[in-house]
Number of protein chains: 2
Amino acid sequence: MAHVTKSKECDRKLKVTRDALEVIQGKWRIPIIISLLYGDKRFGEISKDIAEISPKMLSQELKALEENKIVVRTVYDTMPVTVEYSLTDLGRSLKKPLDELMTWGSNFRKVILRGA
Amino acid sequence: MAHVTKSKECDRKLKVTRDALEVIQGKWRIPIIISLLYGDKRFGEISKDIAEISPKMLSQELKALEENKIVVRTVYDTMPVTVEYSLTDLGRSLKKPLDELMTWGSNFRKVILRGA
DNA sequence: GTAACTACTTACTTAGAGGTAACAACTATC
DNA sequence: GATAGTTGTTACCTCTAAGTAAGTAGTTAC
């Protein structure tokens, strides 16, 4: 297996990326993960972080992230029931790719604003 | 500016990410960029790399990437007109985030397969 | 002149992502 | 028992990303 052609390598990477994209695609998943990278949070707190998200979308996307083992939901049996969301190890391992993406994003802004 | 609260930091990152996401979101943009990271290519060659993409989507997404300064389109005045697509510096600078994402993707596969 | 190849474009349709709004369950307060 | 504050859920609607299929423009081959 020492020799892999460039096109085969490209092909393999395309497949791996597809899997990763399925998990984090959509308008809200990455924002939710970023919010949770800054600490475990309750439903209402994530809502405040991501002002534009509706409760329906937040609930739905949290559920999807839970199914994909990115997020854990913990229910506390307090007086007004409290629910806390936190990242799994797998979820936290998204920090590096997302940090790189954010670095790229701020550079992108600079280049586009300068170029316009 | 030495002191920035954690929540402000989170807020800022959410905004930057939003910009980055707009550029690379959708089912096809990242695959197209990955294909071009493996060399400048013609329309038909990208089509072959990403077997499932339709000519309409490829044309449309290439145009969008061009508008966002990620891709450059060069027309060669040859007998059957030849068009070549390549990445700009800005486009090539996506290599690092995408590599990180692919690394994460292959780890994700392992964890999910093991856990199921 | 007609068939075939490349590189797209256009028109039409569909699926599902996302939005809005109202409701539900629980407790506390008046 | 009516009102309000959490933490969501449900039903319904809309809109856009993506898919399908056919067409166009230029050249080559016969």
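These numbers come from the heavy atoms of this one structure, side chains and all, not from hydrogens, waters or symmetry mates. Every value quoted in this text rests on a predicted model; they were computed, and no experiment measured them. So you know, we letter chains A, B, ... as the sequences are listed, proteins then strands, and number each from 1.
The existence of a salt bridge linking B:Arg42 and B:Glu45 is excluded, since no basic side-chain nitrogen approaches an acidic carboxylate oxygen closer than 4.0 Å. A salt bridge links A:Arg18 with B:Glu52; the closest basic N to acidic carboxylate O contact falls under 4.0 Å. A salt bridge does not link B:Asp19 with B:Lys15: every distance from a Lys NZ or Arg NE/NH1/NH2 to an Asp or Glu carboxylate oxygen is 4.0 Å or more.
Rounded to whole Å, atom P of C:dG16 lies 13 Å from atom CD of A:Glu22. For B:Glu45 and C:dA7, the CD to P distance is 8 Å, given to the nearest whole Å. Atom pair A:Ile53:CD1 and C:dG19:P shows a separation of 8 Å (rounding to whole Å applied). B:Gln60 has its CD atom 11 Å from the C1' atom of C:dT9, to the nearest Å. Taking atom CD of B:Glu61 as the reference point, atom P of C:dT9 lies 13 Å away to the nearest angstrom. If you measure from atom CG of A:Leu21 to atom P of D:dA18, you get 11 Å, rounded to the nearest angstrom. A:Leu58 places its CG atom 13 Å from the P atom of C:dG18, with the value rounded to the nearest Å. Atom CD1 in B:Ile32 sits roughly 13 Å away from atom C1' in D:dA18 (whole-Å rounding).
Between A:Gln25 and A:Phe43, the residue whose closest nucleotide on DNA chain D is further toward the 5' end is A:Phe43. Taking the nucleotide of DNA chain C with the nearest heavy atom to each of B:Val81 and A:Pro55, the more 5' of the two is matched to B:Val81.
The side chain of B:Lys56 places no N or O atom within less than 4.0 Å of a non-bridging phosphate oxygen (OP1 or OP2) of C:dA11. Taking only side-chain nitrogens and oxygens, A:Arg42 comes nearer than 4.0 Å to OP1 or OP2 of D:dT7. Of the side-chain N and O atoms in B:Arg73, none sit less than 4.0 angstrom from OP1 or OP2 of C:dA7. Contact between the side-chain N/O atoms of B:Lys63 and the OP1/OP2 oxygens of C:dT9 is found at a separation under 4.0 Å.
In terms of heavy atoms, A:Asn68 sits closest to A:Leu90 at O-CD2, 4.1 Å.
Here A:Arg29 lies out of heavy-atom contact (under 4.0 Å) with every strand. Within 4.0 Å (heavy atoms only), B:Tyr85 reaches sugar-phosphate atoms of the nucleic acid but no base atom.
Nearest to the side-chain atoms of B:Ser59 among the listed nucleotides C:dT9, D:dT7, C:dC8 stands C:dT9. Checked against C:dC8, D:dA18, C:dG19, the side chain of A:Met57 finds its nearest nucleotide in C:dG19.
Heavy-atom neighbours of B:Arg92 CZ from other residues, nucleotides or ligands within 6.0 Å: above the threshold of 12.
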